[in-house]
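These notes concern the structure reproduced below.
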Protein chains: 2
Amino acid sequence: MFDCLKLENQLCFPLYAASKEVIRKYKPFLDKLDLTYTQYIVMLVLWENENVNVKELGEKLFLDSGTLTPLLKKIEDKGYIIRNKSEYDERNLVISLTKDGKILKRKALDVPKGISKCVNLTNEEAMTLYNILYKILKK
Amino acid sequence: MFDCLKLENQLCFPLYAASKEVIRKYKPFLDKLDLTYTQYIVMLVLWENENVNVKELGEKLFLDSGTLTPLLKKIEDKGYIIRNKSEYDERNLVISLTKDGKILKRKALDVPKGISKCVNLTNEEAMTLYNILYKILKK
DNA sequence: CATAATTAAATTGTACACAATTTAATTTGT
DNA sequence: ACAAATTAAATTGTGTACAATTTAATTATG
């Protein structure tokens with residue numbers, strides 16, 4: 001019964017470790033874009049939908065304003081986004097891409113290509129993993 | 001082709017988000033033990049093998065001394081472990097459980113029980129997930 | 001056998017995470 | 001209308017992560 005306290009037997013641990021390992025593999029690719037991993041996933045959201053506010057971003061990425069506010073300021077300093085108060089509701093901060101931010105999308109296309117070669121899973125395994133993970137994330 | 005840059009289609013993201021979600025589910029259980037998640041996985045290692053040094057701990061947990069040194073000092077402050085230089089090689093810091101640290105193992109048995117009810121995966125799904133994650137982690 | 005190379009922790013500096021609180025703007029209820 | 005409740009970001013404080021450097025101890029080598 002004590003076995004349930006083995007590190008190996010707890011799902012949380014391989015999940016946490018694999019997540020960090022995969023993010024580590026992204027690093028060399030993201031360095032070329034001058035983005036950290038978290039900054040990259042923010043950019044992914046913006047490349048999909050222009051003009052997102054902090055709350056929407058947080059819901060999509062499972063992050064709160066305590067994480068996002070300083071993060072967004074850094075991406076703004078790099079010149080990829082602009083932060084503006086909404087004219088309809090000044091509580092909302094609307095994030096938009098700059099020209100450089102849009103251009104960056106083209107360079108970012110290399111990232112998924114490179115990564116798929118690094119993570120040694122079959123397509124089927126990746127698909128299965130993907131489905132189970134989204135089941136965990138489903139509310 | 002631009003679809004490969006969709007947040008949803010990148011394995012890294014559900015992996016990272018699911019990892020954080022699962023860790024979030026541990027929190028109420030770990031609060032009762034006065035441990036954070038990372039402190040908990042350190043304790044898991046120590047409950048399995050007494051007298052581990054920082055390097056071994058780092059290899060098992062995929063963490064480095066920059067993370068572990070302050071973490072271990074905090075667990076020591078809580079009274080669960082002791083940090084001592086090895087008498088055979090003073091470069092090594094040996095981590096041992098205190099009496100309280102050993103007693104805590106008993107209380108920790110409730111954690112995996114509680115968690116399995118929170119994560120809504122079938123046994124088969126959990127097993128599949130487990131295997132794919134360890135494939136990612138295998139060197 | 002003394003110096004160079006290696007190794008293990010610790011330190012430094014940057015970047016998240018997230019709980020809890022604060023601030024400012026907008027809605028609600030009377 | 002207007003005070004109370006709600007909402008969205010920002011702020012504050014604690015706790016990781018991890019790259020890069022430093023320090024101290026040990027081992028390898030000329």
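Proteins get letters first, then strands, A, B, ... in listed order; numbering begins at 1 in each.
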Ordered by number, residues from residues 80-87 of chain A within less than 4.0 Å of DNA chain D (heavy atoms) are Arg83(A)
Decide whether Gln10(B) and Tyr40(A) meet the rule of one side-chain donor and one side-chain acceptor closer than 3.5 Å.
yes
Please enumerate all residues that pass side chain to side chain donor-acceptor pair (under 3.5 Å) together with Asp34(B), with sequence neighbours excluded.
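Only Lys78(B) meet the side chain to side chain donor-acceptor pair (under 3.5 Å) criterion with Asp34(B).
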Quick one: list whatever passes side chain to side chain donor-acceptor pair (under 3.5 Å) with Asp77(B), sequence neighbours left out.
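Applying side chain to side chain donor-acceptor pair (under 3.5 Å) to Asp77(B) gives none.
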All side chain to side chain contact (heavy atoms under 4.5 Å, CB included) counterparts of [X], not counting sequence neighbours:
X         : result
Lys32(A)  : none
Asn84(B)  : Ile82(B)
Leu121(B) : Leu11(A), Ile132(A), Lys135(A), Ile136(A), Val119(B), Glu125(B), Leu129(B)
Val94(B)  : Asn51(B), Ser86(B), Ser96(B)

Under a 4.0 Å heavy-atom cut-off, which of residues 39-49 of chain A touch DNA chain C?
Gln39(A)
Any residue in residues 71-78 of chain A with a heavy atom nearer than 4.0 angstrom to DNA chain C? Just list them by number, or reply none.
Leu71(A), Lys74(A)
Quick one: does Thr36(A) reach the base of dA15(C) with a side-chain donor-acceptor pair under 3.5 Å?
no
What string of B, S and - do you get for nucleotides 2-8 of chain D 5' to 3' if you count protein non-hydrogen atoms under 4.0 Å?
-----BS
Rounded off to whole Å, could you give me the [atom1]-to-[atom2] distance for the [X] and [N] pair?
X        : N       : atom1 : atom2 : value
Tyr37(A) : dT16(D) : OH    : C1'   : 17 Å
Leu61(B) : dT16(D) : CG    : P     : 12 Å
Lys20(A) : dA17(C) : NZ    : P     : 12 Å
Leu68(A) : dA17(C) : CG    : C1'   : 10 Å

For Leu46(A) and Leu97(A) the tightest heavy-atom approach is O-CD1, 3.6 Å
Test: ring pair (Phe, Tyr, Trp, His ring centres under 6.0 Å). Region: residues 78-103 of chain A. Which pairs qualify, not counting sequence neighbours?
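Residue pairs passing ring pair (Phe, Tyr, Trp, His ring centres under 6.0 Å), neighbours aside: none found.
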List the residues meeting ring-ring contact (aromatic ring centres under 6.0 Å, His included) with Tyr16(B), not counting sequence neighbours, and say none if there are none.
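Result, ring-ring contact (aromatic ring centres under 6.0 Å, His included) vs Tyr16(B): Tyr37(A).
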Taking the side chain from Lys20(A) and the backbone from Phe62(B), do they hold a donor-acceptor pair closer than 3.5 Å?
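Yes; at least one donor-acceptor contact below 3.5 Å.
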Over all strands shown, is Thr38(A) touching base, sugar-phosphate only, or nothing at heavy-atom distances under 4.0 angstrom?
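Sugar-phosphate: the residue Thr38(A), judged by heavy atoms under 4.0 Å, touches backbone atoms but no base.
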